[in-house]
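Reviewing the structure listed below.
For this chain, numbers begin at 1 and follow the sequence in order.
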Amino acid sequence: MLIHGNAEKMARLLDNLFSNASKYTSPQGKIGVTLHKREGNVELILSNTCPELSEQELLHLFDRFYRVEKSRSLRTGGAGLGLAIARRIVELHQGEIFAAYHNGMIHIHVCVAAN
């Protein structure tokens with residue numbers, strides 16, 4: 001599947017998403033990737049196991065400096081910018097990014113126009 005976009009920015013997007021997934025998944029957890037092409041778009045879904053998240057937490061995941069659990073910064077580092085940067089990159093590509101939580105897993109959906 002091909003998309004039209006800035007290669008450096010898309011690499012940064014993927015790096016941020018995979019970095020977050022690996023940081024916040026327990027050693028026994030799972031990370032999954034799904035890729036679909038539908039209705040002229042490419043949709044990437046990156047999923048990882050995590051504690052339950054509320055709707056409010058899901059709404060703020062992509063806000064600058066937002067951290068679900070403030071104590072995580074001591075363990076995982078970072079300033080809470082990775083998902084905000086990911087959202088900006090997707091927006092620059094006229095795409096959409098959102099998060100959903102189902103059955104012990106968070107699913108980050110990224111949709112951009114197919115080439």
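- Grouping the Ile, Leu, Val, Met, Phe, Trp and Tyr side chains by contacts below 4.5 angstrom, directly or via other members, places Val42 with Leu14.
- With sequence neighbours excluded, the residues that form a side chain to side chain contact (heavy atoms under 4.5 Å, CB included) with Glu91 are Arg87, Arg88.
- Both Leu58 and Leu17 sit in one connected hydrophobic cluster of ILVMFWY residues. Membership requires side-chain heavy atoms under 4.5 Å apart, directly or through other members.
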With a 3.5 Å cut-off and sequence neighbours excluded, list the donor-acceptor pairs that the side chains of residues 25-36 form with protein atoms.
{"from": "Thr25", "atom 1": "OG1", "to": "Ala21", "atom 2": "O", "distance (Å)": "2.6"}
{"from": "Thr25", "atom 1": "OG1", "to": "Asn48", "atom 2": "ND2", "distance (Å)": "3.1"}
{"from": "Ser26", "atom 1": "OG", "to": "Gly29", "atom 2": "N", "distance (Å)": "3.2"}

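- In this structure, Arg64 and Ala84 approach most closely via the heavy-atom pair CG-CB, 3.7 Å.
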Could you give the side-chain donor-acceptor pairs of residues 95-115 under 3.5 Å, partners two or more places apart or in another chain?
{"from": "Tyr101", "atom 1": "OH", "to": "Cys50", "atom 2": "O", "distance (Å)": "3.3"}
{"from": "Tyr101", "atom 1": "OH", "to": "Glu52", "atom 2": "N", "distance (Å)": "3.3"}
{"from": "Tyr101", "atom 1": "OH", "to": "Gly104", "atom 2": "N", "distance (Å)": "3.4"}
{"from": "His107", "atom 1": "ND1", "to": "Ser47", "atom 2": "OG", "distance (Å)": "2.6"}
{"from": "His109", "atom 1": "ND1", "to": "Glu43", "atom 2": "OE2", "distance (Å)": "2.9"}

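- Leu44 and Met10 fall within the same hydrophobic cluster, where Ile, Leu, Val, Met, Phe, Trp and Tyr residues are linked whenever their side-chain heavy atoms come under 4.5 Å apart, directly or through other members.
- The cluster map of Ile, Leu, Val, Met, Phe, Trp and Tyr, joined by side-chain heavy atoms under 4.5 Å apart, puts Leu92 and Val90 in different clusters.
- To the nearest 0.5 Å, atoms CG (Leu53) and CG (Leu61) are separated by 6.0 Å.
- Listed by first then second residue, pairs satisfying side-chain hydrogen bond (donor to acceptor under 3.5 Å, both in side chains) with a partner in residues 7-16 number zero, not counting sequence neighbours.
- A pairwise comparison of heavy atoms in Phe62 and Leu83 identifies CD2-O, 3.5 Å as the closest pair.
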